[in-house]
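Single-structure report; data block below.
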Amino acid sequence: MKKGDHLFLVDGSGFIFRAFHALPPLTRKSDGLPVGAVSGFCNMLWKLLTDARDTSVGVTPTHLAVIFDYSAKTFRKDLYDAYKANRSAPPDELIPQFGLIREATRAFNLPCIETEGFEADDIIATYARQAEATGADVTIVSSDKDLMQLVTPNVHMYDSMKDKQIGIPDVIEKWGVSPEKMIDLQAMTGDSVDNVPGIPGIGPKTAAQLLAEYGDLDTLLDRAHEIKQEKRRQAILENADKARLSRELVRLRSDVPLVLGLDDLVLEVQNGPKLIGFLKALQFTTLTRRVAEACNCDASAIEAADVKVEWGSAAHGPDLDAVEPEPVAGGIPDVEGAAVPIPVKAKPASKGFTPAELARTRAEAFAALPFDHSTYVTIRDLATLDKWIADARATGLVAFDTETTSLDAMQAELVGFSMAIADNDKNPAGVKTRAAYLPIGHKNGVGDLLGGGLADNQIPMRDALPRLKALLEDESVLKVAQNLKYDYLLMKRYGVETKSFDDTMLMSYVLDAGTGAHGMDSLSEKFLGHKPIAYKDIAGSGRANVTFDLVDIERATHYAAEDADVTLRLWMVLKPRLAAAKLTAVYERLERPLLPVLARMEERGITVDRQILSRLSGELAQGAARLEDEIYALAGEKFTIGSPKQLGDILFGKLGLAGGSKTKTGQWSTSASVLEDLAAAGFELPRKIVDWRQLTKLKSTYTDALPGYVHPQTKRVHTSYSLASTTTGRLSSSEPNLQNIPVRTLEGRKIRTAFISTPGHKLISADYSQIELRVLAHVAEIPQLTQAFAEGIDIHAMTASEMFGVPVDGMPAEVRRRAKAINFGIIYGISAFGLANQLSIERSEAGDYIKKYFERFPGIRDYMDSRKQMARDKGYVETIFGRRINYPEIRSSNPSVRAFNERAAINAPIQGSAADVIRRAMIKIEPALAEAGLADRVRMLLQVHDELIFEVEDADVEKAMPIIVSVMENAAMPALEMRVPLKVDARAATNWDQAH
DNA sequence: GTCCGACCGTA
DNA sequence: TTACGGTCGGACG
């Protein structure tokens with residue numbers, strides 16, 4: 001080694017711990033082996049070896065070694081028996097990764113160094129000093145503060161996770177002392193993790209200050225009697241010996257006997273196949289591809305290496321193995337009993353073909369199965385159509401997709417129908433798929449002379465539709481679609497009621513809620529490694545966009561058949577995963593049956609009185625105009641009131657009001673709370689702005705927008721519910737969103753009066769009372785809460801009484817209000833910051849409230865801690881009915897991201913369980929009404945999270961209400977008997993405002 | 001035309 | 001402090 005060389009010393013052990021906590025908990029797809037740290041390590045090494053110039057290090061190494069701790073027993077233990085005594089065993093997920101990172105190092109052809117009796121840090125110190133002596137530069141790949149004492153002008157550290165180089169100035173900035181004084185600083189502060197004692201009461205700030213004053217530890221100890229602060233002097237004098245001992249513990253040795261000399265660390269060329277073999281074994285697909293490209297290897301020709309895995313304790317065995325080894329022949333056992341047909345040859349039962357194994361095999365096989373658009377068929381004649389339908393019947397499984405003229409299923413017209421079928425095959429997937437497109441309503445292009453006429457060679461609708469109906473309504477054929485609710489509703493409008501179905505979007509939602517989108521394109525890329533043709537590529541976008549009926553049939557075939565093909569393959573991958581993850585019951589009881597229920601609700605729609613809205617619109621316009629004049633007068637000029645930017649300039653610039661807060665982009669915040677504060681301080685303008693905002697909001701979002709959603713034929717408003725767009729299991733509503741119709745203010749409630757029943761009918765609104773707090777009482781098992789709910793006591797008043805010792809009788813409203821805010825805060829995963837904001841109190845006071853709450857209800861803290869722990873351990877939390885919500889970022893190194901995920905993980909089981917309860921109620925309500933002879937006479941129209949709205953004939957109102965209430969209150973049963981009763985309030989009226 | 005941030009309506 | 005969707009202004013291409 002010589003001047004100009006650059007030695008990289010990677011702190012292998014440190015990296016494992018750091019990466020484990022900083023990176024999302026990645027596991028190997030096939031068996032759940034935890035490999036997050038290994039993946040981070042391999043990616044980091046590859047980057048350093050190939051393009052370290054792109055990192056903040058700026059140079060590629062000439063020499064490199066990866067250093068590990070050998071064992072816990074080192075010379076430090078002889079110096080101080082308690083050294084690292086309070087280290088607990090590493091988490092289960094880490095154990096296999098220690099060995100794997102050593103294997104990875106060898107696969108990279110790099111020296112893997114450890115020496116008995118010494119820590120990795122000492123070896124690093126020794127190499128660093130030796131290399132420095134030759135004039136070479138050194139980069140220590142670590143961010144451990146224990147190594148900072150080694151930093152010199154020629155020795156840098158590199159934090160690979162943050163891509164940040166650490167030099168002398170960075171050490172000074174972080175610790176307030178230069179690197180050579182780090183030893184003294186650590187000697188004083190000690191280290192609770194390693195159990196280095198230090199001087200009690202001295203932290204990094206004090207230590208740095210003392211070192212600045214006295215120069216070094218020895219001088220300080222000699223002159224300690226000069227220190228003015230009583231306590232500090234005493235602590236230092238009493239603990240001088242401990243400080244000296246600590247100094248020896250933190251001082252790194254640079255005289256470790258080394259087997260490999262510096263010149264043995266020279267960087268060798270990579271052995272591509274060896275490295276690829278290892279990466280394939282760990283299933284790091286992206287890096288495998290990169291390495292293969294870089295070394296010009298064909299990765300598919302290289303076999304995965306036989307990597308030995310030491311799983312460590314059995315406790316963390318992969319979830320996939322937790323399923324009972326039930327043999328599967330030909331199909332996957334279905335919770336409801338019936339095996340779902342899958343056209344896969346039955347494997348011998350003796351092989352123990354479990355859902356987990358099938359899931360793994362399928363995932364691997366389909367990830368590599370290519371798509372061939374040239375095989376897609378366009379169906380032009382009845383014989384071909386009948387053959388495809390017969391094949392679907394024969395295999396019992398068909399994926400389908402509809403092509404239409406609109407994204408709105410209530411307005412769309414059917415243009416074409418695609419389907420995909422699976423046949424047995426000897427390839428690894430066990431099947432091959434084929435797909436066809438049936439054009440029905442394609443028109444000649446606009447430029448065509450015949451413009452607008454039906455294109456030639458299409459089977460007429462009157463011939464095609466009965467055949468499609470027979471297939472879709474055939475219960476012995478499983479239909480698979482992506483976002484089936486759309487196709488279901490569309491086909492229902494054509495008189496077809498789809499029976500026996502699966503929806504790949506819902507399957508993905510049940511399996512992977514929280515990990516990303518569930519749309520077809522993302523699922524296809526994720527599971528099939530294939531990017532489907534984009535809609536806009538065949539139909540254009542923006543101004544040039546055309547409806548699907550104008551798309552050329554050949555191009556339409558490629559697009560549409562591919563969608564059916566993708567859907568079928570996704571189903572192949574997802575279906576066994578459901579069984580393997582034991583989520584079939586959630587999917588089949590909470591998800592799939594809701595789909596037709598929602599489709600019917602959307603189809604029914606609700607009547608909106610356009611006259612009422614138009615009158616309101618006029619009133620709002622008048623009110624807003626009046627306020628505008630007053631606002632301009634107060635501001636002294638005209639401006640765009642709706643522009644937060646301009647408004648901020650007026651309020652805090654021109655008028656010079658003391659601005660509250662800034663938004664994250666640095667703009668003045670003009671939020672309602674800021675304006676309210678200013679109004680309370682006596683300013684006129686902010687009040688008027690708040691009022692203006694309310695009026696214009698109501699006008700633009702509701703009274704002006706809603707009439708545009710009235711359907712031209714039905715004259716009703718048909719919202720669209722999304723089953724898979726929240727993480728918690730709630731529904732969402734859009735176009736229009738009928739889950740945020742105003743209710744809190746008098747002005748806003750007028751909008752609700754426009755939602756009316758048909759003449760001769762009433763609207764019934766039935767809503768759960770305090771359902772989330774009841775769920776909290778149930779899951780956290782809080783005796784006072786369950787008792788209060790059992791006795792029907794005012795829950796917020798009870799909370800206030802417990803916390804503040806105020807009797808419920810004659811309780812001031814403000815006291816109850818605070819308790820209410822705290823109760824909600826608990827559900828949201830409370831923080832002192834958030835509660836302080838909500839109540840406009842000091843953070844310390846909010847902190848006191850929370851402390852008090854936890855003292856009175858210790859079960860709440862246990863519950864919150866347990867949810868955080870579960871999210872960290874398993875990566876997900878679950879509702880009382882077993883729905884899973886994943887939190888892949890719960891271990892983020894960013895504290896605010898982590899805290900956010902923790903709060904969400906606390907909230908999700910509560911919000912999600914409540915969502916599950918109302919889902920169950922919605923699924924049960926129709927059969928219950930039918931049994932009472934009220935089918936079709938009582939029609940469920942809307943859901944607003946804890947409220948259901950029905951439209952009922954006047955004569956049936958009295959009969960319907962108790963049924964609705966009873967089904968809702970007993971919705972959790974028989975699956976679950978809750979510790980608290982559920983309570984539902986119901987009312988009937990001719991409009992939503994009065995019914996609510 | 002498309003995207004993003006600020007804001008605000010609901011549970 | 002949780003979960004959403006819609007509207008607007010304003011910046012971007």
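Sequence lines set the chain letters: A, B, ... in the order given, protein chains first and strands last, and positions in each chain run from 1.
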Let me know the distance between [atom1] of [X] and [atom2] of [N], rounded to the nearest Å.
| X | N | atom1 | atom2 | value |
| --- | --- | --- | --- | --- |
| A:I860 | C:dT1 | CD1 | C1' | 14 Å |
| A:I910 | C:dT1 | CD1 | C1' | 12 Å |
| A:I771 | B:dA11 | CD1 | P | 14 Å |
| A:E772 | C:dC4 | CD | P | 13 Å |
| A:I826 | C:dT1 | CD1 | C1' | 10 Å |
| A:Y509 | C:dA3 | OH | C1' | 10 Å |
| A:D916 | B:dA11 | CG | P | 20 Å |
| A:K868 | C:dT1 | NZ | P | 15 Å |

Below 4.0 angstrom from OP1 or OP2 of [N], is there any side-chain N or O of [X]?
| X | N | value |
| --- | --- | --- |
| A:S700 | C:dG6 | no |
| A:S643 | C:dG10 | yes |
| A:T727 | C:dC4 | yes |
| A:S732 | C:dG5 | yes |

Taking A:E951 first and then A:R716, would you say they form a salt bridge - that is, a charged N and a carboxylate O separated by under 4.0 Å? yes
A:E814/A:R817 salt bridge by N-O under 4.0 Å criterion: yes
What contact category does [X] fall into here, base, sugar-phosphate, or nothing, at under 4.0 angstrom with non-hydrogen atoms?
| X | value |
| --- | --- |
| A:G825 | base |
| A:F824 | nothing |
| A:S725 | sugar-phosphate |
| A:Y768 | nothing |
| A:I830 | base |

Just by distance, no angles: are the side chains of [X] and [Y] close enough, under 3.5 Å, to form a donor-acceptor pair?
| X | Y | answer |
| --- | --- | --- |
| A:S896 | A:N894 | yes |
| A:T405 | A:T547 | no |
| A:R903 | A:Y828 | no |

For the side chain of A:A705, starting at C-beta, report the closest nucleotide among C:dT7, C:dA11, C:dT1. C:dT7
State whether the aromatic ring of A:Y828 stacks on the base of C:dT2, taking stacking to mean ring centres under 5.5 Å apart and ring planes under 30° to each other. yes
Aromatic ring pairing A:Y535/A:F548, orientation class (parallel under 30°, perpendicular over 60°, tilted between): parallel
Is there a side-chain contact between A:E969 and A:Y768, using heavy atoms and a 4.5 Å cut-off? no
What string of B, S and - do you get for nucleotides 2-10 of chain B 5' to 3' if you count protein non-hydrogen atoms under 4.0 Å? ---SSSBBB
Report, as yes or no, whether the 6.0 Å neighbourhood of atom CZ on A:R610 holds more than 12 heavy atoms from other residues, nucleotides or ligands. no
